[in-house]
Trainee: 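My questions will all concern the structure given below.
Each chain gets a letter, A, B and so on, in the order its sequence line appears, and its residues count up from 1. The model shown is predicted, which means the values in this text are computed figures rather than measured ones.
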Number of protein chains: 2
Amino acid sequence: MSAAVPPSSAGAAAASLSYEQAGVDYARIDPLKVSAQRAAAATATQLRAHGFSEVAASRGESAYVVDVGPFYLASIVECLGSKAIVADEMAALTGRSWYDAIAQDTIAMAVNDLITVGATPLVVQAYWAAGGSDWFADAARAKALVEGWQRACERCGVAWGGGETPALAGIVEPGRIDLAASCTGIVSPKERLSVGDRLGPGDAIVLLDSSGIHANGLSLARKLVERLPQGWLTEVAPGLSYGAALLAPTVLYSPVTEALWKAGIAPHYCANITGHGWRKLLRHEKALSYRIHALPPVPPVLRFIQEHAGHDDREAYSTLNMGAGFALFVAAPDAERSVEIAQAQGVGARIAGRVEAGAKELVIEPLSLRFGDESLQLR
Amino acid sequence: MSAAVPPSSAGAAAASLSYEQAGVDYARIDPLKVSAQRAAAATATQLRAHGFSEVAASRGESAYVVDVGPFYLASIVECLGSKAIVADEMAALTGRSWYDAIAQDTIAMAVNDLITVGATPLVVQAYWAAGGSDWFADAARAKALVEGWQRACERCGVAWGGGETPALAGIVEPGRIDLAASCTGIVSPKERLSVGDRLGPGDAIVLLDSSGIHANGLSLARKLVERLPQGWLTEVAPGLSYGAALLAPTVLYSPVTEALWKAGIAPHYCANITGHGWRKLLRHEKALSYRIHALPPVPPVLRFIQEHAGHDDREAYSTLNMGAGFALFVAAPDAERSVEIAQAQGVGARIAGRVEAGAKELVIEPLSLRFGDESLQLR
């Protein structure tokens, strides 16, 4: 797709395909991230002049939280990533637009992060930066994007506030679109705040099912298609093409977290399982062990990627969601009811493990896998 | 820069250069905008389930406002546009990074819009989408971006909450970066809300000086460089190159609006003068006449663009800010003091005109220009 993606490795189909080979080099991004995080942290004092303060524990979490008095304010901006390229490829092959699903993916990236801190999402803003004005001239595609966006907002109970639709020739590639969403919400009442202070031994780990790859790991998935004889139309299950399976929209989890609160359940912590796969279960900085005893079913497209990329379970579970899109850490007595509440919202769920005292590690017993503290450095 | 930009017109240097020729076709974007706005408006009812409601008058304004009880919540996402390309060109020519200024521009796009509704900006989120991981490997450039971002946040009294730094090979052009910012704030106390209900005949129009082109009109400015024998290094004033002049960072106006409120002045309405130039003074839907009797000085780079693009005053003032970056519509008795308060914040200001009863129009008396209601259709 671009000069920044390394040369095709299609000639070495049996070789394992790493995330770095697929064009994302975290080592180069991370030094900037560290300096940006430091500079960002230094600005927190600005809130004092307004009589407010940040919730310091939200630094490094998935959404930023400010105490504005009667409640907490949470905000975030999130990028879709490269999934829209798959939609473009599939549109060329199938003659229909997949941007209704892509819209949901984009909103999910923002909303599913925002809710981890206990926030109720209220407003979503759209960021649709196209490679040129002509992107918007495809009426069917534009309609799919608008309708999918509206539907996802309605599913999450948020107002779509507005947004930006710039034409960025020279920055965004011709024919492409850079999609992102910002989301603002409140944590109200304040005891809904979940930044991990109540996370501790004995908590149950409830995993909510994913619908497929969601919107992380797409660089790898796109690279892989070069190895497939029928490309995007290769079947991952009878009647289901690789491209269509990848484009299953990301599950929106805010109906679950809202329903939990209505039932009196405030998770002690949440992790949105995106990049870094199951290593995201190690997200909180506390020294705790996370022991998994039950696995969710693996969506066919993820098993397919694992097999064709030549990944062992360690690499697969440390990169992809492998069926778990969101983790709730709840008090053990709330676990069964949390599962029922999620299922009542149409989201598959299971009690998958428990939090234990001990060294910081994730143990996936059914697969005999262990990930230590060194596995995930996000802060 | 890109296939989406029409072929060079450098051979016809004497011909006038329109915005459409420069690669932005509003006719193609606007139908999508209309359908998106309708779909967005339909989602407002989602707030009811949370016990909240939108401020309907903020639909179509520069920021979206929700009534959350004790105060209003305002939010926005804004794109820098193509100004970063100028920074890249100038970096190649001068050997230094201009991204400190670019950072301020990006934040200004969001903050200057957010404050129009009377909001105090509280949190900014960064959206930095690069064409590949290698963008972040240029340490000097990354440092300039981070430092400029922090400084602009501090100038605006906002906390930098976090953000996204995706590497989007295949979507963002190699070597480029798509910059945007989201901003969340509150309108508190609620009487600070300025969505135009108090705007009326007799109000004074106070114009705040711009520093140059700010971040709108850059497609035109970039196209124009092809006509200049010395390109970006052509002098627009002694010792000031065209490229450097374009890269003067956008003025941050939130220190002015905050200082006004502290002095007891709540503007009846505000307009951030961005795309569409002075036609933005016609932004509010009320049938009112805006009569300008005094003009701000025109920054050399804007006069230079006007001359070299062969624009008459009508075209220049309807495209560029021509020295006025932000408009305050205040009660006439507050006008003089508003000017003094702005100047005390280091922002040039003047009483430039008044609001009158009459047909919706903007009359710029010193230039004998009139823009009617048909000149600006943003909603």
Trainee: With chain A, which of B:Gly69, B:Ala142, B:Ala40 has the greatest number of heavy-atom pairs at distances under 4.5 Å?
Mentor: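 Result: the option with the highest number of such pairs is B:Ala40.
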Trainee: Flag the one option from A:Ala44, A:Ser75, A:Ser182 with the top tally of heavy-atom pairs under 4.5 Å to chain B.
Mentor: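 That would be A:Ser75.
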Trainee: Which bit of B:Ala126 comes within less than 4.5 Å of chain A, counting heavy atoms only: side chain, backbone, both or neither?
Mentor: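 Contact with chain A is through the backbone of B:Ala126 alone.
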Trainee: If you look at every heavy atom in A:Ser82 and B:Ile171, which pair is closest and at what distance?
Mentor: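 Minimum heavy-atom separation between A:Ser82 and B:Ile171: CA-CD1, 3.7 Å.
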Trainee: Can you tell me which portion of A:Val124 sits under 4.5 Å from chain B's heavy atoms? Options are side chain, backbone, both or neither.
Mentor: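 Contact with chain B involves no heavy atom of A:Val124 at all.
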Trainee: Roughly how far, to the nearest 0.5 Å, is CD of A:Glu173 from CZ of B:Arg176?
Mentor: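 So the gap between those two atoms works out to 11.5 Å.
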Trainee: Look at A:Lys143, A:His50, A:Glu258 and state which one has the largest set of heavy-atom pairs under 4.5 Å with chain B.
Mentor: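 Result: the option with the highest number of such pairs is A:His50.
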Trainee: List the steps and the verdict of side chain to side chain contact (heavy atoms under 4.5 Å, CB included) for B:Val158 and A:Thr43.
Mentor: CA-CA 7 Å; B:Val158 303; A:Thr43 62; over 6 Å; no
Trainee: For each of A:Ser35, A:Gly157, A:Gly162, A:Ala63, tally heavy-atom pairs with chain B at distances under 4.5 Å, and name the one with the top tally.
Mentor: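 Among A:Ser35, A:Gly157, A:Gly162, A:Ala63, the one with the most close pairs to chain B is A:Gly157.
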Trainee: Can you tell which part of B:Glu154 gets under 4.5 Å to a heavy atom of chain A, answering side chain, backbone, both or neither?
Mentor: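 The answer is both parts of B:Glu154.
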Trainee: Any idea which of B:Leu145, B:Leu47, B:Thr120 has the most non-hydrogen atom pairs under 4.5 angstrom with chain A?
Mentor: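 Between B:Leu145, B:Leu47, B:Thr120, the count favours B:Leu47.
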Trainee: Heavy-atom pairs under 4.5 Å with chain B - which of A:Ala49, A:Gly81, A:Ala129 has more of them than the others?
Mentor: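 Of the candidates given, the most pairs with chain B belong to A:Gly81.
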Trainee: Using every non-hydrogen atom in the two residues, find where A:Gln150 and B:Ala42 come nearest and quote the distance to one decimal.
Mentor: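 It is NE2-CB, 3.6 Å.
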Trainee: Please report the closest heavy-atom contact between A:Trp160 and B:Ala39, naming both atoms and the distance.
Mentor: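 Where A:Trp160 meets B:Ala39 most closely, the heavy atoms are CZ3-CB, 3.6 Å.
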Trainee: Chain B heavy atoms under 4.5 Å from A:Leu122: which part of the residue, side chain, backbone, both or neither?
Mentor: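 Answer is both: backbone and side chain atoms of A:Leu122 are under 4.5 Å from chain B.
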Trainee: Measure the shortest side-chain to side-chain distance between B:Leu73 and A:Leu73 over non-hydrogen atoms and say whether it is less than 4.5 angstrom.
Mentor: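 Sidechains of A:Leu73 and B:Leu73: in contact.
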Trainee: Mind ranking B:Phe71, B:Trp128, B:Tyr64 by heavy-atom pairs under 4.5 Å with chain A and telling me who comes out on top?
Mentor: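 Counting heavy-atom pairs under 4.5 Å, the top option is B:Tyr64.
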Trainee: When you measure from the side chain of A:Gln125 to the backbone of B:Val77, do you find a donor-acceptor pair of N or O atoms at a distance under 3.5 Å?
Mentor: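 Side chain of A:Gln125 to backbone of B:Val77, a donor-acceptor pair under 3.5 Å: no, none is there.
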Trainee: Between A:Val123 and B:Phe52, is any pair of side-chain heavy atoms under 4.5 Å apart?
Mentor: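 A side-chain contact is absent here, since even the closest heavy-atom pair is not under 4.5 Å.
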Trainee: Quick one: closest heavy-atom pair of A:Cys79 and B:Tyr127, and the distance?
Mentor: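 Taking A:Cys79 first and B:Tyr127 second, the nearest heavy atoms are SG-OH, 3.1 Å.
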Trainee: Less than 4.5 Å to any heavy atom of chain A: does that hold for the side chain of B:Leu179, its backbone, both, or neither?
Mentor: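 The backbone, not the side chain.
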Trainee: Measure distances from A:Trp149 to the heavy atoms of chain B and classify the residue's part below 4.5 Å as side chain, backbone, both or neither.
Mentor: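 Answer is neither: A:Trp149 stays 4.5 Å or more from chain B.
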